[in-house]
Amino acid sequence: MDRLVIEGGLGLSGRIRVGGAKNAALPCIAAGLLSDGPVTLSGLPAVSDIRTMLKVLEGLGCAVTRTPSPDGLELTAAIRAVELEKGELRAPYDLVKTMRASILVLGPLLARYGKASVSLPGGCAIGARPVNLHLEALQRMGAEIQIDKGYVEARVPGGRLKAMDHTFDKVSVGATENLLMAATLADGVTTLRNCAMEPEIGDLVDLLQKMGAKIEGIHTATLVITGVATLGPCEHTIIPDRIEAGTYLCAAAAAGGDVVLDRVVPEHVRALTELLDRCGCTLTERMGQDGPQLRIQREKGQKLRARDITTAPYPAFPTDLQAQAMAVMTQANGISVIKETIFENRFQHAMELERLGANLRIDGGTAIVAGASPLMGCTVMATDLRASATLVIAGLVAEGTTTVDRIYHLDRGYAGLDTKLQGVGARIHRVSGGTV
Ligand code: UD1
């Protein structure tokens with residue numbers, strides 16, 4: 001099993017190019033099911049979740065060609081979904097269990113083929129993560145759904161979903177994406193209310209519009225979709241990954257230094273940059289040759305101020321950056337109260353941070369961090385994707401050697417994290433298998 005070994009205590013300096021957004025790429029790949037294609041997606045990050053999603057589509061009968069970028073950190077995939085109805089249209093447990101986002105094939109399959117069999121994703125380290133919102137809304141569009149032997153068995157009598165006016169009980173990124181895709185080929189005008197407004201949904205709307213979908217309300221909580229008979233081929237480049245960008249901003253804030261991020265949308269990381277600004281970092285936006293850049297500076301010896309954080313749906317502070325921001329708060333003077341409102345079990349990184357020397361307490365959905373604490377390197381265990389990134393950040397801060405074990409979690413969502421950090425002066429390297 002691979003691990004990362006980090007010699008901490010150094011500041012970071014240099015430039016990092018942010019990759020394509022994993023969480024935008026996943027629904028865009030699922031959208032490839034909605035037309036014969038080819039749907040050609042560029043800027044897909046070369047991470048295991050993307051490989052899994054492409055395998056799910058191949059398992060459904062799609063032809064997928066992959067072209068890696070010269071640096072191997074991204075790929076372009078061309079998806080052709082032709083005559084899939086001849087097959088089983090089944091997304092099996094073996095793939096789905098490694099990645100919940102596989103449920104995103106359900107809406108497109110029902111919309112285009114009127115049937116689907118998708119494994120239930122099951123539990124997840126960060127909380128229960130049910131799919132009731134997806135299923136209830138698809139049923140309202142006319143899908144008949146049963147749960148049989150752990151699978152969502154769904155069919156649409158008559159073959160075509162019906163439009164509806166629907167208000168989601170809770171804001172859900174995945175349910176918004178699934179229903180948005182389903183509605184593009186439905187009969188009539190669908191209105192989805194209380195939608196999530198994450199930038200990844202805007203990217204999906206953008207892709208679907210290029211395929212010929214009729215959607216109004218992009219970037220708002222109400223999406224109005226006029227169903228069309230067919231969708232066509234298109235080419236699309238995935239937006240930059242705001243969570244990856246945010247992770248590097250947190251790394252620079254916690255370890256100190258002067259880092260410039262290339263290929264970033266500053267608006268997408270505003271909740272974090274405002275926080276880091278209030279903590280005492282200097283953030284500057286400027287226009288570079290390849291688009292906007294974001295620079296973060298924290299001079300050696302400059303003290304950070306503790307600030308409170310509450311996670312909530314976009315544009316508020318993202319749950320996917322809560323863990324990384326906690327690592328920053330271990331280095332800030334004062335008390336930081338961190339409230340997690342999206343997932344019920346998302347503080348597993350806290351115990352590992354304590355092992356490195358952080359001073360914190362968990363009380364239900366609230367973490368209280370008292371800083372600044374000197375961190376000392378030791379061996380820590382990654383428990384989920386973003387928790388792993390947090391331990392890397394803490395390792396960059398800690399004196400001595402930190403070994404982060406079980407980094408297959410990290411490989412689900414970060415392409416070249418170790419090489420990108422090496423590029424800004426971090427002493428970090430990957431050790432494959434065995435003991436260190
Ligand atoms: C997506 C992101 C994930 C991020 C999360 C919240 C992807 C691939 N993943 O996950 O990285 O942390 O948004 O920003 O884009 N819920 C229900 N019933 C449902 C669906 C969700 O109760 O049917 C609840 C969840 O348990 C959670 C909340 O709604 O408490 C938000 O979850 P949701 O936005 O659906 O997260 P995902 O789409 O799974």
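For this chain, numbers begin at 1 and follow the sequence in order. The shown structure was predicted, so the numbers you read here are calculated from the model rather than taken from an experiment. Both counts, for ligands and for their atoms, begin at 1 and track the order of listing.
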- prompt: How many angstroms lie between CG in Leu34 and CZ in Arg112, if you round to the nearest 0.5 Å?
  reply: 7.5 Å
statement: A student checking ligand 1 against Ile342 at a 4.0 Å heavy-atom cut-off should list atoms 27 (C), 30 (O), 31 (C)
query: Of Val173, Thr311, Thr176, which has the heavy atom at the shortest distance from atom 34 (O) of ligand 1?
result: Val173
query: Just which atoms of ligand 1 are under 4.0 Å from any heavy atom in His134?
result: 23 (O)
field: Backbone or side-chain N or O of Asn132 under 3.5 Å from ligand 1 N or O
entry: yes
query: Applying a strict 4.0 Å limit to heavy atoms, is Pro130 in contact with ligand 1?
result: yes
query: In terms of atom number and element, which parts of ligand 1 are under 4.0 angstrom from non-hydrogen atoms of Gly174?
result: 35 (O), 38 (O)
field: Arg193 charged N/C atom sitting above Phe168 aromatic ring, 6.0 Å / 45°
entry: no
message: Can a side-chain donor-acceptor contact be found between Arg307 and Ser336 if the only test is distance below 3.5 angstrom?
response: no
query: Heavy atom of Arg100 under 4.0 Å from ligand 1?
result: yes
- request: May I ask you to say whether Lys22 pairs ionically with Glu200, meaning some side-chain N is under 4.0 Å from a carboxylate O?
  value: no
message: Regarding atom 8 (C) of ligand 1: of the candidates Ile103, Asn23, Asp320, which has the closest heavy atom?
response: Asn23
query: What atoms of ligand 1 come within less than 4.0 Å of a heavy atom belonging to Thr319?
result: 6 (C), 12 (O), 14 (O)
- prompt: Under 4.0 Å from ligand 1, counting heavy atoms only, is it the side chain of Lys170, its backbone, both or neither?
  reply: side chain
field: Modelled atom types, side-chain donor and acceptor of His236 and Asp203, under 3.5 Å
entry: yes
- request: Applying salt bridge (charged side-chain N to carboxylate O under 4.0 Å, His left out), name anything that partners Glu136, two or more places apart in sequence or on another chain.
  value: none
message: Whether Asp262 and Arg17 form a salt bridge (side-chain N of Lys/Arg under 4.0 Å from carboxylate O of Asp/Glu) is what I want to check.
response: no
- prompt: Looking only at distance, does Phe343 have an N or O less than 3.5 Å from an N or O of ligand 1?
  reply: no
- request: Find all atoms of ligand 1 within a distance of less than 4.0 Å from any non-hydrogen atom belonging to Val131, and give their numbers and elements.
  value: 19 (C), 23 (O)
- line: Checking heavy atoms under 4.0 Å, the part of Tyr314 that sits near ligand 1 is neither
- request: With Leu294 as reference, evaluate Thr284, Val259, Val269 under the side-chain contact (heavy atoms from CB on, under 4.5 Å) test and give the passing residue.
  value: Val269
message: As an exercise, identify every atom of ligand 1 less than 4.0 angstrom from a heavy atom of Arg346.
response: 12 (O)
statement: OG1 (Thr390) and CG (Leu356) are apart, to the nearest 0.5 Å, by 11.0 Å
- prompt: Does ligand 1 have any atom sitting under 4.0 Å from a heavy atom of Gln322?
  reply: no
- prompt: Does a side-chain heavy-atom distance below 4.5 Å link Val39 with Leu207?
  reply: yes
